[in-house]
Structures are given as structure tokens and as C-alpha cells.
A.B. asks: 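Have a look at this one before I ask anything.
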There are 2 protein chains.
Amino acid sequence: MDATKPDQGQSEQIANRLRTDIIAGRMEEGSPLREIALAKQFKVGRGPIREALQRLSHEGMVVAKPNCGVRVATSPPNSIQELIVPLRRTLETFALRSFFQDLNANDFDQWHSILKRMRIACETSDYASTVELDIEFHQSIVERAAQNDLLSIWLTLVSRLRNQFQNGHRKYDDPMKIYYEHVSIITIFQTGDLEQSLQTLEWSIT
Amino acid sequence: MDATKPDQGQSEQIANRLRTDIIAGRMEEGSPLREIALAKQFKVGRGPIREALQRLSHEGMVVAKPNCGVRVATSPPNSIQELIVPLRRTLETFALRSFFQDLNANDFDQWHSILKRMRIACETSDYASTVELDIEFHQSIVERAAQNDLLSIWLTLVSRLRNQFQNGHRKYDDPMKIYYEHVSIITIFQTGDLEQSLQTLEWSIT
DNA sequence: ATCGGACATATTGTTGACAATATTGGCGCT
DNA sequence: AGCGCCAATATTGTCAACAATATGTCCGAT
């Protein structure tokens, strides 16, 4: 067997790669994703590509017109996004509440790892990485709840708010503020004060 | 070539069929769905089957373990369902609000068509059909908003509440009450009173 | 010159065969 | 007899070729 990796789902890896590319804004809205081109790019057959694309389509990252291909989705109208934001808040606070009392050193190690990378991204004004890490941070909270249902729903919500993550960093004159904001979240978590933590997390979700 | 239909996505039809089968309770929780068996059953290759299964997997109808196949999902824990119910309320009322002023005779024709079928199902104590029509009713409201984002999110939510639809009909001694409840919803809609309609719809979502 | 229709091209949809992996039953060992 | 290992089987994962459909272009008629 290949010692490279247990290869647990290569379509998932492709989906993750494309997802971060879209989130980071490396792909224009409305630009098409051709199966053959992606297949050659990833050195893989068209099957896994189709699966990855279908997954992103369900999440709302791309839109698929039958017999016509998939394109990077355009952001939903503001009315929809304003509907989704509170749903996202409900989900993330629910997740946090579910495991807050079980937090251990290992959890904080992982979060500090994200923060470390985020600090570098912010210091170098690497907007794409900053956006990715912002989402990775919140996703790690949802994943920590170890409820697959939660993650699935969260992904379908966040995919439709990705432009807020992208634009959100414009509103800060200093990119470092993004970093400090997340540091403060983890700092509150470490105090063990649940209510304060929930409030800080909620407040960070625009 | 079959002149029956323009064949707009045969994997979608398969997914719909399997979804209603699961919702209606015709498949045991945890029972496996084998690709080859389904392929022969639907007289189709394994490709479309895989796509349908992946869609249902993302919705939460089935769970897919890599290299191991998919099984009918077990209902999420109550804590998750209690989280999802208010999200579903928010979504459906948002949908209703978005198109309420544009309602026309055609809309009510379609709803009355559903109610007619639901009446028959309730009269004959056909629980499976009753559940299907209950969901079709609410789905028609979300679809009427003509926002694909809304429908995608709604599906991921409702799939995880399917046991509530199934059990919900036990709590009524008389199955006809389910029918009357939906009739009253449409009746309120026809009065044109938005606030009253929103409240009735919300109240119907357990 | 512009509009409509048919042809050529490109892309997606589908299929069957092959490879990789997990499950199941039997065998030997303790 | 019980436990662990190993082969046989069944199932999923992947690929390349084929069919169906949409897109874009060219030509001719008005």
C-alpha cells in the first residue's frame, strides 16, 4: 500500500482545497469550474472531481446548472445573509456550550496554533490566509462539539457568508485587530467563565 | 429516448425517492443502502446512485463511512433537535414573509392540491403519505420564496427532524387533526393577514 | 445589415470495468 | 472452547471511454 497517506477520501481533500481557494477570494465570483481542467490539475479522474464539486454545491460555495457546469456562487442577497448570521450565532454558541466544561490543555494548544499562524498572516497583511484562519478558528469550535450534524449545517451557513469574512477585514484599518480579537476570545475561554465566553463569541460574529 | 421527461437530473429523482422512503419510515434506521442493489433496482449505473447518496448524506438523511457504505441515519440527540427547531421556524417564517404580498390564485390552487391529497391520506390513516405530505407542504412554502439558498439550508435542517414528523402523528388521537391544522394555515393565508399567518405557521412547527 | 437556423465544438452525464479496502468465515494455535 | 490470524468475498473508490446535451459560430435569407 502507498505509505503516502491512508488516503481517507481524496474527493474531500479536493473539496477542502477548492473551498479555501474560494473563501480566500482566489476565484472570481461566477467563474466556471471545469471538470476536465480540475481533473488534470489534481492529477485525478473526473469522478472525485464531480463528488467534490457536488459537495461544494450543497454547501452553497458553487452553483451547478444541469448539463452546464458549476460556477463560483455569487453572494446571496443581504436579506438572506442577515437571516443567516443569527443562525450561525445560535449554532456556534450551542457548540461552545456543549463542550465548555470539558476543555483541556490540548484544546488550547490547538487554538494557540491557529492564533500563531493568524498572527503571522495579520502581520504580513496576508489577507487570504487571514480569512482562511478566521474560518478555521470558528470551524474548530464547531468541530470540537463532535456532532457531525452541527458541522454540516454550519458549513451550509458559512459558505453563504464568505464575503463577510472577506470584506470584514477591510473595515479594520489595522489587520492586527483581527488577530487581537481572536486572542481575546481564547483568553476569555481560559478563564472558564462560560457566560462571558458565550457573549464574547457572539459579539465576534458580525 | 423516453419522451416521458426531459430527464432533468436522474440522480435527483433517485434522491427524492429515497428521501421520501426514509421520511415515511419505510426504511429501518441503521439499515445499509448498497450501491449495487440500488443500481439494479433503479435500472441505472452506480454513478447516479453515488450522487444521490452523497446528497442525502449531506442533508443528514444517511451517514456515510468511507470505504464502508452508507446507512440510514439515526435521529440526532434531542439536544440537537431542540436546537434545530427554532432555526426551522426562523427559516419558514422568513420565507413566508418574503413572498406573502405576492400570493395569487395559482399558489392557493397548489396548496389546495396538497391539502386534498392530505385529506385522503388522513382519512385512510395512511401514515406514510401523511408524513410525506406534511413535509411537502412546508417545503412548498420554502420553495415559493425562490431562493435556492433557503431550500438547501431547510433540507439540511428538516432531515434531522424527520422522526418528529413521524412521531408527531402519534400524539394526535385523530389523524384528521393533522389535516385540519394545515387547512387552517392556508385559510389564514387567504385572509391576507401577514402577522396572523406568521404566528399560525410558527405555532404549527413543534 | 440583422435575424434565424443548422453545424461543429466543448462540456457534462452515464456506464462498465478495474483497483483498493473493509467485512466475513474458517483455520490453527493456545 | 476461546482467541487471533489469514484467506475469500463483498463493497466501495477510481478511472477511461461513450452518449447526451448545451454553447458558440458560420452561413444564408430577408
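Model, not experiment: these values are computed from the prediction. First the proteins, then the strands, lettered A, B, ... as listed; each starts at 1.
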A.B. asks: If you check the B:N67 side chain, which of C:dA22, C:dT15, C:dT12 turns out closest?
C.D. replies: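 Nearest nucleotide to the side chain: C:dA22.
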A.B. asks: The criterion is ring-ring contact (aromatic ring centres under 6.0 Å, His included); which residues satisfy it with A:Y179, sequence neighbours excluded?
C.D. replies: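 ring-ring contact (aromatic ring centres under 6.0 Å, His included) check on A:Y179 returns nothing, list empty.
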A.B. asks: Would you say B:K65 places a side-chain N or O within less than 4.0 Å of OP1 or OP2 belonging to D:dG13?
C.D. replies: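 Looking at the OP1 and OP2 atoms of D:dG13, neither is under 4.0 Å from any side-chain N or O of B:K65.
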A.B. asks: A:F100: which residues meet the ring-ring contact (aromatic ring centres under 6.0 Å, His included) condition with it, sequence neighbours left out?
C.D. replies: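 Checked A:F100 against ring-ring contact (aromatic ring centres under 6.0 Å, His included); zero matches.
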A.B. asks: Hey, mind stepping through A:R117 and A:E132 against salt bridge (charged side-chain N to carboxylate O under 4.0 Å, His left out) and telling me if it holds?
C.D. replies: CA-CA 10 Å; A:R117 282 177 285 151; A:E132 287 173 36; over 6 Å; no
A.B. asks: For A:E143, enumerate each residue passing the salt bridge (Lys or Arg N to Asp or Glu O under 4.0 Å) test, keeping only those at least two apart in sequence or located in another chain.
C.D. replies: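 Checked A:E143 against salt bridge (Lys or Arg N to Asp or Glu O under 4.0 Å); zero matches.
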A.B. asks: Which whole-number value in Å describes the distance from A:I49 CD1 to C:dT12 P?
C.D. replies: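 From A:I49 CD1 to C:dT12 P: 11 Å.
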A.B. asks: Between B:Q10 and C:dG13, does any side-chain N or O lie under 4.0 Å from OP1 or OP2?
C.D. replies: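 No, no such contact exists.
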A.B. asks: Return a table of donor-acceptor pairs under 3.5 angstrom between the side chains of residues 57-65 of chain B and protein atoms on other chains or two or more places apart.
C.D. replies:
residue : atom : partner : partner atom : Å
B:E59   : OE1  : B:R19   : NE           : 2.9
B:E59   : OE1  : B:R19   : NH2          : 3.4
B:E59   : OE2  : B:R19   : NH2          : 2.8

A.B. asks: Run through A:L150, A:L96, A:D107 and flag the one making a side chain to side chain contact (heavy atoms under 4.5 Å, CB included) with A:R144.
C.D. replies: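 In the set A:L150, A:L96, A:D107, the residue that makes a side chain to side chain contact (heavy atoms under 4.5 Å, CB included) with A:R144 is A:D107.
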A.B. asks: Within less than 4.0 Å of OP1 or OP2 of D:dG13, is there a side-chain N or O belonging to B:R50?
C.D. replies: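 Answer yes for this pair, as a side-chain N or O of B:R50 is under 4.0 Å from OP1 or OP2.
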A.B. asks: Nearest-Å distance, CD (A:Q54) to P (C:dT12)?
C.D. replies: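 After rounding, the gap between these two atoms is 14 Å.
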A.B. asks: Mind listing the residues from residues 27-43 of chain B sitting with a heavy atom below 4.0 Å of DNA chain C? Number order is fine.
C.D. replies: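 Heavy-atom contacts with DNA chain C come from no residue of residues 27-43 of chain B; none.
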A.B. asks: How many Å lie between CZ on A:R46 and C1' on C:dT15, as a whole number?
C.D. replies: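 Interatomic distance, CZ of A:R46 to C1' of C:dT15: 12 Å.
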A.B. asks: So what does B:G47 hit on the nucleic acid, given a heavy-atom distance under 4.0 Å: a base, only sugar-phosphate, or nothing?
C.D. replies: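 The answer is base, as B:G47 lies within the cut-off (heavy atoms under 4.0 Å) of a base atom.
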A.B. asks: List in chain and number order the residues that pass side-chain contact (heavy atoms from CB on, under 4.5 Å) with B:S125, two or more places apart in sequence or in another chain; answer none if no residue qualifies.
C.D. replies: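 Expected list: B:P175.
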A.B. asks: If the condition is salt bridge (Lys or Arg N to Asp or Glu O under 4.0 Å), which residues does B:E51 pass it with, not counting sequence neighbours?
C.D. replies: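 A:R50.
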A.B. asks: Could you tell me how far apart A:E12 (CD) and D:dT14 (C1') are, to the nearest whole angstrom?
C.D. replies: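 Answer to the nearest Å: 17 Å.
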A.B. asks: Please list all pairs meeting side-chain hydrogen bond (donor to acceptor under 3.5 Å, both in side chains) that have one or both residues in residues 70-80 of chain A, counting only residues at least two apart or in different chains.
C.D. replies: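 Sorted result for residues 70-80 of chain A: A:E29-A:S75.
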A.B. asks: Report the end-to-end axis angle of the helix from C:dA1-D:dT30 to C:dT30-D:dA1; each axis comes from five terminal pairs, and the value is rounded to 10°.
C.D. replies: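 Angle reported: 10°, given to the nearest ten degrees.
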